[in-house]
Amino acid sequence: MEASKLFDNHNHTRHFSPDGEQTLDELLQDAQSRGLKGLALTEHFDKDVRSGEPFPAVSEYGQPAAPGEWVFDLQAYHGCLMQAQEKLEREGSRLKLTKGIEVGYLPYQQPTVWRYLAGFNFDAVIASIHCVDNKDIYFFQDAYRDGARAAYDKYLDLIIQMLEEPCDFDIVGHFDYVTRYAPGAYQRMNYQDHSERLDRMFRLMIQSGKSLEINTRTRYRLLDKTGTDIDLQDPAIIRRYLELGGELISLSSDSHEDHNNGRFLAETADWLYSLGVRWLCHFEARKAVMDPLD
Ligand SMILES: [Zn+2]
Ligand SMILES: [Zn+2]
């Protein structure tokens, strides 16, 4: 797939995300040298979370972050993005840069967190589950104590819960994030093992116009760490989403480091095309913009 058809919906930098390593300049250079159509900056907003655990109300909305809290200054973020957008325009670049955010869902913060964020004019809001049983699975392995399959079920249950609440977001972030940190060899999430939950998730997403993110970070992390290139996600998951009437799919590299922006997007788009996907989408001013693959 030509890169010029592809939009990377999920990226972090070191300026605003505690785990971001790349600068915004490096990120934009990557996207330009890859020839992408555009990208969204989507820094982490994990209110109350420090070192992978929530401490309820550790800071007030709109007040400075508590030490180590995974939130950032939204006004400064806006200014930084405006500057970068103006620079791209001045340089005559065709690359589109949008203002997004990745919100870590925690049940007790509903619906306050969405009311607060509504005042900041984002293009795209990703909602992601990072914490299972109140612990970020990047830091803690507790969620896997009953095996990978039980952890995957729990993770999908949290996405379903998030979709059943009046949460104001556009994209369901990395539905298979839970596979990334499972102990032992990589275990793919298969449709047949989780069919009821995936069906429920897809139906809720379709009803409320939420987009399905296909996130390539698990694939390149594993490749860089072990030299093994895993299969793409289970094609049965995509086929079922399409069968139920799903039309919104957003591709993401979830880049945090230099050179990962746009990584595996073209291959993944080819794979989706082979399964019958003809449009991807990104968001501008909270509206889905369809990007044709043909
Ligand atoms: Zn995430
Ligand atoms: Zn992310």
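As the structure lists them, so they are numbered: ligands from 1, and atoms in each ligand from 1. Nothing fancy with the numbering, it's 1 onward along the sequence.
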K.L.:
Return yes if a side-chain donor-acceptor contact under 3.5 Å exists between Glu267 and Trp271, otherwise no.
P.N.:
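Absent: no donor and acceptor within the cut-off.
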
K.L.:
Which atom, counting only N, O or S, brings Asp254 closest to the Zn ion (ligand 2)?
P.N.:
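So the atom name we want here is OD1.
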
K.L.:
Taking the Zn ion (ligand 2) as the vertex, what is the angle from OE1 of Glu102 to NE2 of His12, given to 10 degrees?
P.N.:
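Taking the Zn ion (ligand 2) as the apex, the two atoms subtend 90°.
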
K.L.:
The Zn ion (ligand 2) to His174: any N/O/S contact under 2.8 Å?
P.N.:
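His174 does not place any N, O or S atom closer than 2.8 Å to the Zn ion (ligand 2).
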
K.L.:
Ser255 and Asn11: side-chain donor and acceptor closer than 3.5 Å?
P.N.:
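There is such a pair (donor and acceptor under 3.5 Å, judged by atom type) between the side chains of Ser255 and Asn11.
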
K.L.:
Give a yes-or-no answer on whether the side chains of His130 and Glu102 include a donor-acceptor pair shorter than 3.5 Å.
P.N.:
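His130 vs Glu102: donor-acceptor pair found between side chains.
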
K.L.:
So does His130 have any N/O/S atom less than 2.8 Å away from the Zn ion (ligand 1)?
P.N.:
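Under 2.8 Å: His130 contacts the Zn ion (ligand 1) through an N, O or S atom.
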
K.L.:
Under 2.8 Å from the Zn ion (ligand 1), is there any N, O or S atom belonging to His44?
P.N.:
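No, His44 does not qualify, because none of its backbone or side-chain N, O or S atoms lies under 2.8 Å.
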
K.L.:
Tell me, do Gln187 and Arg149 make a side-chain contact under 4.5 Å, heavy atoms counted?
P.N.:
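With C-beta onward as the side chain, the pair stays apart.
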
K.L.:
Test of understanding: clusters of I, L, V, M, F, W, Y form through side-chain heavy atoms closer than 4.5 Å, transitively. Do Leu222 and Met189 belong to the same one?
P.N.:
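No, no single cluster joins them.
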
